[in-house]
Amino acid sequence: MADPFISVAERLAPAFAAVAGGACDPVVRPSDRADGQANGALALAKKLGLQPREVAQQVLDAAGDVSDMLASTEIAGPGFINLVFSNTFIAEQLSEATHNPRLGVRASSDPHTVVVDYSAPNVAKEMHVGHLRSSVIGDALVRALMFVGHTVVRENHIGDWGTPFGMLIEHLIDMGEDNAANELGVGDLDGFYKAARRKFEESDEFKGRARARVVMLQGGDEDTLRLWRTLVSESTRYFNQVYRQLDVLLTDDDLMGESAYNPMLAPVVERLREAKLLEESDGADVVFVEGFTNRDNEPLPLIIRKGDGGYNYATSDLACVIDRVERIGARSLLYVVGAPQAQHLQMVEAVARKAGWLPEGYIMNHVSFGSVLGADRKMLKSRSGGETVKLNALLDEAVERAEISVAEKNPDMSAADRTAVATMVGIGAVKYSDLSSDRVKDYIFDWDRMLSFEGNTAPYLQYAHARICSIFRRAGIDRAAIRDVVPTLVEVQERDLALRILRFDSAVWEMIDTLGPHKLCTYLFDLATDFTSFYEHCPVLKADNDAMRDSRLALCDATARIMSEGLLLLGIRAPEQM
RNA sequence: GCCCUCGUAGCUCAGUCGGAUAGAGCAACGGACUUCUAAUCCGCAGGUCGCAGGUUCGAUUCCUGCCGAGGGCGCCA
């Protein structure tokens, strides 16, 4: 049970191996001229010094009878082997997939513990679109990794420690704790942060108090810690609102802020010292990493302990690695963090590897992503503090816009249903527009495009799903009962749809292998396109006879389940009506 | 100055472990609604795959150089 393209590659591999005299990849790819094509003969011919078409023929001879899987095999062009699946094979595979708990997606052959570090907003600071990207991408990866059988540990590495807290706590005291809690409680984190920052810059007296407060915080002063906890809890309460609204899995159980690593920082230094990796440079304790240089082409170190004796984010990131590997038992660490952190994470990884904290076979992966841009191609929110786009306001707007659109298209829907649908559509649209393009690139945030019911958008996919639900609702047919029907594929649209359904396996695995949710998005869009084409050409309830009707209902059911499950893996809900 | 990422149709994006004619959606144009929800479908049109070399049977894909955009480059995180 797997994607037919994988099945056929496995089937042809021994034949290729026999001709090659050793392992040889058949190089099966989808084709315009057939279902698929095996390109392996061309490279093999060169290696053997033979004519490619002749090699292809030898492979086919060695493969023997493949009629249980393929309706035809044909050597074409310079030496491609065109492959056409037999309809009975497709139908059987589809029937198997619908009875498979993962809808035909292969389980991981190597399940292990994966830590996914994502979202990571800062306490007493507004979440912005960068956190949106991290949250949405990270959450989709979490769901997909769990789906194939990994043990996934979510970690929200919130910025809850460091020098800014001196100024934040002093500002909290100035405002009065209750007033401050109120302001933070309504989610005005930016106002609070900016006011504190302004005072810090304008008043030496305040600056002095802030610095003293940092020392008290780090020294564990109980009253200071209490104030700090107020800041943290008010902020996380706000973060949680956004997470619920955004429909991501993160909860308080996943919080693993910088402060949590405090006790582990000194041991990081000690262990590096014992490993003889630590060097002193300009008063700081550092580790030099080969291959990194500064502006003057001198070796660039990772600073573990600053000249003033304090630690920085490199230290806590190293503590993270140790904690995740040694305590949690993770073998794979994913960091869903913006592209500007690339060098930092490379250096952290290099040090962790040198120190032996990331053994051979352990993976540390930077799931990098680009910026969210406005229509003007400038960052939607500049780091230097342009106007901030508040996440909760952005999500509210998404739902409002979706609600207008739903009301327009489906005026008969009840207000309660409309709100529920608008929430799924609006939030889904925002998440999908973030997930559907290659994450390493910047993307342009465009309300009209993401909420459009046409093109590669969440509403288009959701609509395809809703239409199927509508068929079953109208006909009063039990979805589960139809699953035992093995479809008969007659029309080209039926066949295309069935073959597409079977490719869910590869789509999910491509997403996991590349850590690229857009691979799954592209697949689901293709699925929706194939379905609507089928829907236009192949009447279901008005089919010519009962057998054809049931066959098409089975295709509908399988499509809807994969659409719904696929969207869910992306963290997007699929309403039953729209 | 060095390093990293990106550059594909007017716009927004796929595709690239080297394969036959580079694909969608939008916008434009032409069709299809007494509908299993037309929120759709069908068709037509649109490209020196940033530029120039190299590798080879074959390059948008790999390599080198250049151009353009963004980011990073020691005590903020």
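Here is the naming used below: chain letters follow the sequence lines, and residue numbers restart at 1 for every chain. Basis for what follows: all heavy atoms, side chains included, without hydrogens, waters or symmetry-related copies. Predicted, not measured: the structure shown is a model, and the values here were computed from it.
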Student: So what does A:S368 hit on the nucleic acid, given a heavy-atom distance under 4.0 Å: a base, only sugar-phosphate, or nothing?
Tutor: nothing
Student: Across the strands shown, which category fits A:G159 at heavy-atom distances under 4.0 angstrom: base, sugar-phosphate, nothing?
Tutor: nothing
Student: Pairs under 3.5 angstrom, nitrogen or oxygen only, protein versus nucleotides 2-8 of chain B, please.
Tutor:
{"residue": "B:rG7", "atom": "OP1", "partner": "A:K441", "partner atom": "NZ", "Å": "3.2"}

Student: Quick one: which of B:rA77, B:rC36, B:rG72 gets closest to the side chain of A:P340?
Tutor: B:rG72
Student: Hey, could you give me each pair passing side-chain hydrogen bond (donor to acceptor under 3.5 Å, both in side chains) that has a residue in residues 306-316 of chain A? Not counting sequence neighbours.
Tutor: A:N312-A:T315, A:Y313-A:H344
Student: For A:R439 and B:rG70, what is the distance between atoms CZ and P respectively, to the nearest whole Å?
Tutor: 22 Å
Student: Regarding A:A314, tell me which of base, sugar-phosphate or nothing describes its non-hydrogen contacts under 4.0 Å with the strands shown.
Tutor: nothing
Student: In Å, rounded to the nearest 0.5 Å, how long is the span from CD of A:E576 to CE of A:M424?
Tutor: 8.5 Å
Student: Have a look at A:R29 and say if it touches a base, only the backbone sugar-phosphate, or nothing, with a 4.0 Å heavy-atom cut-off.
Tutor: base
Student: Nearest 0.5 Å please: distance from the CG atom of A:L435 over to the NZ atom of A:K519.
Tutor: 14.5 Å
Student: Could you tell me how far apart A:N39 (CG) and B:rC17 (P) are, to the nearest whole angstrom?
Tutor: 10 Å
Student: Under 4.0 angstrom, heavy atoms only, what part of the nucleic acid is A:H344 near: base, sugar-phosphate, or nothing?
Tutor: nothing
Student: Tell me what A:A339 touches on the nucleic acid: a base, only sugar-phosphate, or nothing, going by heavy atoms under 4.0 Å.
Tutor: nothing
Student: Look at all strands and tell whether A:K519 reaches a base, only sugar-phosphate, or nothing, counting heavy atoms closer than 4.0 Å.
Tutor: sugar-phosphate
Student: If a pair means Watson-Crick or G-U wobble with both distances below 3.5 Å, what does RNA chain B look like in dot-bracket form, with | marking bases paired to a different strand?
Tutor: (((((((..((((.....[...))))..((((.......))))......(((((..]....))))))))))))....
Student: Would you please determine if the base of B:rC73 is stacked by A:F292, with stacking meaning a centroid separation under 5.5 angstrom and planes under 30 degrees?
Tutor: no
Student: When you measure from the side chain of A:T522 to the backbone of A:H518, do you find a donor-acceptor pair of N or O atoms at a distance under 3.5 Å?
Tutor: yes
Student: Assign A:D526 to base, sugar-phosphate, or nothing according to its heavy-atom contacts below 4.0 angstrom with the strands shown.
Tutor: nothing
Student: Assess the residue pair A:R500 and A:D526 against the criterion (side-chain contact (heavy atoms from CB on, under 4.5 Å)); give the C-alpha distance rounded to whole Å, side-chain angles, the decisive distance to 0.1 Å, and a yes or no.
Tutor: CA-CA 8 Å; A:R500 184 72 69 187; A:D526 289 339; 3.5 Å; yes
Student: Between A:L373 (CG) and B:rG71 (C1'), how many Å, whole number?
Tutor: 12 Å
Student: Which side-chain N or O atoms in residues 34-48 of chain A pair as donor and acceptor under 3.5 Å with protein atoms at least two apart or in another chain?
Tutor:
{"residue": "A:D35", "atom": "OD1", "partner": "A:R495", "partner atom": "NH1", "Å": "3.1"}
{"residue": "A:D35", "atom": "OD2", "partner": "A:F85", "partner atom": "N", "Å": "2.8"}
{"residue": "A:D35", "atom": "OD2", "partner": "A:R495", "partner atom": "NH1", "Å": "3.4"}
{"residue": "A:D35", "atom": "OD2", "partner": "A:R495", "partner atom": "NH2", "Å": "2.8"}
{"residue": "A:Q37", "atom": "OE1", "partner": "A:S31", "partner atom": "OG", "Å": "2.8"}
{"residue": "A:Q37", "atom": "NE2", "partner": "A:N39", "partner atom": "OD1", "Å": "3.0"}

Student: Whole angstrom is fine here: how far is it from NZ in A:K207 over to P in B:rC76?
Tutor: 14 Å
Student: What contact category does A:A466 fall into here, base, sugar-phosphate, or nothing, at under 4.0 angstrom with non-hydrogen atoms?
Tutor: base
Student: If the C1' atom of B:rC11 is compared with that of B:rG46, how far apart are they to the nearest Å?
Tutor: 12 Å
Student: When rounded to the nearest Å, what value does the distance between P atoms of B:rC62 and B:rC49 take?
Tutor: 15 Å
Student: With sequence neighbours excluded, tell me which residues meet ring-ring contact (aromatic ring centres under 6.0 Å, His included) with A:F531.
Tutor: A:F534, A:Y535
Student: With A:E536, which residues qualify under side chain to side chain contact (heavy atoms under 4.5 Å, CB included), at least two apart?
Tutor: A:R467
Student: Does NZ or CZ of A:R503 come closer than 6.0 Å to the centre of the six-membered ring of A:F5, within 45° of the ring's axis?
Tutor: yes
Student: For a quick test of reading the model: is some side-chain N or O of A:R474 closer than 4.0 Å to OP1 or OP2 of B:rU37?
Tutor: yes
Student: So A:D282, base contact, sugar-phosphate only, or nothing? Heavy-atom distance under 4.0 Å.
Tutor: base
Student: Is the phosphate of B:rC36 approached by A:S470 (side-chain N or O, under 4.0 Å from OP1 or OP2)?
Tutor: no
Student: Determine whether any donor atom in the side chain of A:Y313 lies under 3.5 Å from an acceptor atom in the base of B:rA77, or the reverse, and answer yes or no.
Tutor: yes
Student: Kindly state whether the ring of A:Y460 and the ring of A:H465 have centres lying under 6.0 angstrom apart.
Tutor: no
Student: Any side-chain N or O of A:T163 below 4.0 angstrom from OP1/OP2 of B:rC76?
Tutor: no
Student: Would you classify A:V27 as touching base, sugar-phosphate or nothing, given that sugar-phosphate means primed atoms plus P, OP1 and OP2, and contacts are heavy atoms under 4.0 Å?
Tutor: nothing
Student: For the OG atom of A:S436 and the CG atom of A:L461, what is their distance to the nearest 0.5 Å?
Tutor: 9.0 Å
Student: Could you go over nucleotides 56-63 of chain B and give all protein N or O partners under 3.5 Å, atom names and distances?
Tutor:
{"residue": "B:rU56", "atom": "O3'", "partner": "A:K46", "partner atom": "NZ", "Å": "3.2"}

Student: Tell me: CG of A:D308 to P of B:rG74, nearest whole Å?
Tutor: 17 Å
Student: Suppose we screen for salt bridge (Lys or Arg N to Asp or Glu O under 4.0 Å). Which residues come up paired with A:E170, at least two apart in sequence or across chains?
Tutor: A:R209, A:R213
Student: Could you state the atom-to-atom distance from CG of A:N122 to P of B:rA77 in whole Å?
Tutor: 11 Å
Student: Is A:D285 touching bases, backbone alone, or none of the nucleic acid, heavy atoms closer than 4.0 Å?
Tutor: nothing
Student: Return the value, rounded to whole Å, for the distance between atom CG of A:D117 and atom P of B:rA77.
Tutor: 16 Å
Student: Measure the spacing between CD of A:Q462 and OG1 of A:T457 and express it to the nearest 0.5 Å.
Tutor: 8.0 Å
Student: Take atom P in B:rC3 and the same atom in B:rC66, then report the distance between them in whole Å.
Tutor: 10 Å
Student: What residues form a salt bridge (Lys or Arg N to Asp or Glu O under 4.0 Å) with A:R479, not counting sequence neighbours?
Tutor: A:D557
Student: Is a donor-acceptor pair below 3.5 Å formed from side chain A:S371 to base B:rG70, judging by atom type as modelled?
Tutor: no
Student: Separation of A:M167 atom CE from B:rA77 atom C1', in whole Å?
Tutor: 12 Å
Student: Using distance alone, with no hydrogens and no angle criterion, decide if A:E403 and A:T419 have a side-chain donor and acceptor under 3.5 Å apart.
Tutor: yes
Student: May I ask you to verify if any side-chain N or O of A:H518 is less than 4.0 angstrom from the OP1 or OP2 atom of B:rG15?
Tutor: yes
Student: Would you classify A:C538 as touching base, sugar-phosphate or nothing, given that sugar-phosphate means primed atoms plus P, OP1 and OP2, and contacts are heavy atoms under 4.0 Å?
Tutor: base
Student: Pairs under 3.5 angstrom, nitrogen or oxygen only, protein versus nucleotides 25-34 of chain B, please.
Tutor:
{"residue": "B:rC26", "atom": "OP1", "partner": "A:E454", "partner atom": "OE1", "Å": "2.6"}

Student: How would you label the contact of A:S437 with the nucleic acid (heavy atoms, under 4.0 Å): base, sugar-phosphate, or nothing?
Tutor: sugar-phosphate
Student: Kindly write out the residues that satisfy ring-ring contact (aromatic ring centres under 6.0 Å, His included) with A:F453, not counting sequence neighbours, or none if the list is empty.
Tutor: none
Student: Determine which pairs satisfy salt bridge (Lys or Arg N to Asp or Glu O under 4.0 Å) with at least one residue from residues 335-346 of chain A, sequence neighbours left out, and list them in order.
Tutor: none
